[in-house]
Amino acid sequence: MERNTCMILALDVTDREEALKIAEDVWEFVDAIKVGYPLVLATGLDIIRELAEFAPIIADFKVADIPNTNRLICDQVFEAGADAIIVQGFTGRDSLDACIEIASEYRKDVFVVSEMSHPGGAEFLQPAAEAIAKIALEAGAFGLVAPATRPERVKKIRKIIGDKLTIISPGVGAQGGKASDVIAAGADWVIVGRSIYKAESPKEAACEIAEEIRAELCGE
Ligand code: NUP
């Protein structure tokens with residue numbers, strides 16, 4: 001995945017036409033589009049190929065099963081045209097290995113959730129986050145998902161993984177995080193959903209956040 005705008009659109013709308021219209025409006029401001037259960041359950045898996053016309057697709061299915069089931073899920077997702085998949089790390093090394101094995105067969109990427117961005121993410125996942133980051137590193141994941149709502153945690157995770165893994169960070173805008181803060185803390189990409197797709201002008205909203213990130217990276 002190329003790093004240009006350092007922004008990923010979380011496209012959690014449930015209408016096919018709306019999804020395609022937003023993708024068409026904002027593709028130049030994002031490096032990837034993340035699709036998850038809301039859009040795929042509402043419109044079907046084919047939406048992945050349709051959206052892939054605009055940007056690389058990250059499938060956010062937070063895969064969290066036994067190795068064999070993980071393998072079957074990842075196979076379907078990569079066959080459908082996704083460029084990367086988000087999986088949970090708390091299921092353990094063998095489950096994670098199964099995802100990474102299939103991803104490498106397809107030459108695709110795996111992102112591992114280390115800690116979630118909502119308040120409840122601090123309850124059970126946060127105490128395990130550093131151990132999850134370590135197994136993701138050992139297993140050969142492409143990156144981690146770490147919370148934009150807690151930039152100090154992104155900083156800590158970055159220290160553990162160095163520059164060997166990428167970090168994508170959700171929680172900007174609607175959940176209270178600030179794009180420039182989390183980029184400064186060491187995230188490679190921020191993930192933004194509602195602040196863009198619910199804006200009166202998704203294009204202007206995306207442009208504004210992209211500009212905020214650019215200014216941070218240029219030290220302006
Ligand atoms: O920890 C996580 N937090 C989170 O918000 C892991 C995620 N994958 N997400 C996803 O990022 C969430 O499911 C949604 O698709 C997106 C954030 O959207 P928004 O809060 O910007 O609307």
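Read the numbers this way: they start at 1 and go in the same order the structure lists the ligands and their atoms. Since the structure is predicted, the reported quantities are computational estimates derived from the model, not experimental observations.
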Which of the atoms of ligand 1 are close to [X], meaning less than 4.0 Å from one of its heavy atoms?
X	answer
Arg194	19 (P), 20 (O), 21 (O), 22 (O)
Asp12	14 (C), 15 (O)
Ala10	15 (O), 16 (C)
Lys34	10 (C), 11 (O), 14 (C), 15 (O), 16 (C)

Examine [X] against ligand 1 and note whether any of their N/O atoms are separated by less than 3.5 Å.
X	answer
Gly193	yes
Ser195	no
Tyr197	no

Please state which protein non-hydrogen atom is closest to [atom] and give its distance, to 0.1 Å?
atom	answer
atom 3 (N) of ligand 1	Ser117 OG, 2.6 Å
atom 8 (N) of ligand 1	Asp60 OD2, 2.8 Å
atom 13 (O) of ligand 1	Lys62 NZ, 3.7 Å
atom 5 (O) of ligand 1	Gln175 NE2, 2.8 Å
atom 11 (O) of ligand 1	Pro170 CB, 3.4 Å

Report task. Determine whether any heavy atom of Val113 lies closer than 4.0 Å to an atom of ligand 1. Result -> no
Report task. Using the six-membered ring wherever Trp is involved, compare the ring planes of Phe142 and Trp189 and label them parallel, tilted or perpendicular (cut-offs 30° and 60°). Result -> tilted
Query raised in the report: Parallel, tilted or perpendicular: which describes the rings of Phe61 and Tyr37, with under 30° parallel and over 60° perpendicular?
Result: tilted
**Report entry** Test item: Asp31 side-chain N/O and Ile8 main-chain N/O as donor-acceptor pair under 3.5 Å
**Finding:** no
Query raised in the report: Side chains of Glu79 and Tyr106: is there a donor and an acceptor less than 3.5 Å apart?
Result: yes
**Report entry** Distance-only side-chain donor-acceptor flag, Gln175 / Thr149, under 3.5 Å
**Finding:** no
Query raised in the report: Pick from Ile86, Thr91, Asn70, Thr69: which one makes a side chain to side chain contact (heavy atoms under 4.5 Å, CB included) with Val63?
Result: Asn70
Salt-bridge test for [X] and [Y]: reply yes if a basic N is under 4.0 Å from a carboxylate O, no otherwise.
X	Y	result
Asp75	Arg71	no
Arg153	Glu130	yes
Glu152	Lys155	no

